[in-house]
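Have a look at the structure below, then the notes.
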Amino acid sequence: MSDLFVLVRDVPDFPKPGIVFKDLTPLFRDAESFRALIEALAQPYLDAKVDAVLGIEARGFILGAAVALRLGVGFVPARKPGKLPARTDREAYSLEYGHDALEVHVGSFSPGDRVLLVDDVIATGGTARAAIALARRQEAVVIGATFAVELDFLDGRERLPKDVPVNTLLHA
Ligand code: AMP
């Protein structure tokens, strides 16, 4: 697994001074590494009876859609405000480098749906927390949250509900 993450590039001072951006695009570009990453993200959930994957814009779409295909389930996008065309639920949150909000279409989940949250990086945890709140507002059950990279020094997982198990492949 550590070989895989040789292809994660640190980009200093992006998008703001002081932020070290974890860029997964070199990993996505390498077919074998990309396949191994998706396999590793999906593996703990193969028998978890997941009904849908919830992916966070934008890199969570790349990973989440591939994980959904691997699990044989559908995909729900959590998008930045104003991008989804139909009626949405919205949740505001704070980011490592700013504030934002996420939306999902109303009716994305049925009550009791078992949902897996997927994103590339967990930093402060605010984004993932908002996504979990959106799924719960539609009475879905978030059975786990999985990330390629966790920035341990920001303690993001502490901001997530305690009953959502977190999986991370690389701790940075
Ligand atoms: P947070 O809400 O602080 O956990 O931020 C997580 C979201 O912002 C994820 O969608 C990440 O893709 C992105 N993000 C935050 N910090 C970084 C970082 N240092 N490198 C790459 N992506 C980041």
Side-chain angles (χ1 to χ4, degrees), residues 1-2 4-30 33-34 36-38 40-42 45 52-68 75-84 88-105 108-109 115-137 140 142-172:
M1 191 54 59
S2 52
L4 200 60
F5 288 103
V6 169
L7 291 173
V8 175
R9 173 165 57 190
D10 280 359
V11 182
D13 300 319
F14 183 88
K16 286 186 176 175
I19 302 292
V20 179
F21 194 87
K22 297 288 178 186
D23 176 22
L24 276 74
T25 60
L27 196 161
F28 297 160
R29 177 65 180 86
D30 184 81
S33 299
F34 188 35
L37 175 62
I38 297 306
L41 286 169
Y45 307 101
V53 167
L54 175 60
I56 299 173
E57 185 169 354
R59 291 168 300 276
F61 293 174
I62 297 165
L63 295 176
V67 169
F75 176 79
V76 173
R79 297 211 64 178
K80 302 290 168 61
K83 302 281 190 184
L84 289 169
T88 59
D89 287 324
R90 177 184 294 201
E91 186 80 22
Y93 64 97
S94 61
L95 193 68
E96 190 189 4
Y97 40 74
H99 298 275
D100 217 330
L102 282 180
E103 295 182 348
V104 295
H105 273 142
S108 292
F109 303 110
V115 172
L116 173 64
L117 176 67
V118 177
D119 203 2
D120 64 335
V121 174
I122 179 168
T124 66
T127 311
R129 185 168 72 171
I132 291 167
L134 285 169
R136 287 183 164 179
R137 213 183 291 176
V142 181
I143 61 99
T146 189
F147 306 93
V149 180
E150 179 168 358
L151 303 182
D152 287 343
F153 71 101
L154 290 170
D155 275 338
R157 66 168 64 212
E158 296 304 319
R159 292 184 70 188
L160 304 190
K162 295 288 164 275
D163 55 349
V164 176
V166 176
N167 262 310
T168 304
L169 299 179
L170 177 73
H171 292 267

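We count residues from 1, following the sequence as given. As the structure lists them, so they are numbered: ligands from 1, and atoms in each ligand from 1.
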Test side chain to side chain contact (heavy atoms under 4.5 Å, CB included) applied to Val115 and Val76, step by step: CA-CA 9 Å; Val115 172; Val76 173; over 6 Å; no
Sub-4.0 Å heavy-atom approach of Gly125 to ligand 1: yes
Per-residue contact class, Leu151 against ligand 1 - non-hydrogen pairs under 4.0 Å: side chain
Leu54 side chain reached by Val142 side chain, heavy atoms, under 4.5 Å: no
Selected option - heavy-atom contact closest to atom 15 (C) of ligand 1, from Gly60, Ala123, Ala78: Ala123
Option nearest atom 9 (C) of ligand 1 (shortest heavy-atom distance, choices Asp119, Thr124, Leu154): Asp119
Which ligand 1 atoms, with their elements, are less than 4.0 angstrom from a heavy-atom of [X]?
X      : result
Arg59  : 11 (C), 12 (O), 13 (C), 22 (N)
Thr127 : 1 (P), 2 (O), 5 (O), 6 (C), 7 (C)
Lys22  : 18 (C), 20 (N), 21 (C)

Gap between atom CG of Leu24 and atom CD1 of Ile62 - 0.5 Å precision: 9.0 Å
Distance, nearest 0.5 Å, that separates CG of Leu134 from CD of Glu103: 8.5 Å
Greater than 12 external heavy atoms within 6.0 Å of Lys83's NZ: no
Sequence neighbours excluded, every pair satisfying salt bridge (Lys or Arg N to Asp or Glu O under 4.0 Å) that has a member inside residues 119-133: Arg59-Asp120
Min N/O separation Val20 to ligand 1 under 3.5 Å: yes
Any N or O of Glu57 closer than 3.5 Å to N or O of ligand 1: no
For Ala130, all residues meeting side-chain contact (heavy atoms from CB on, under 4.5 Å), sequence neighbours excluded: Glu91, Tyr93, Leu102
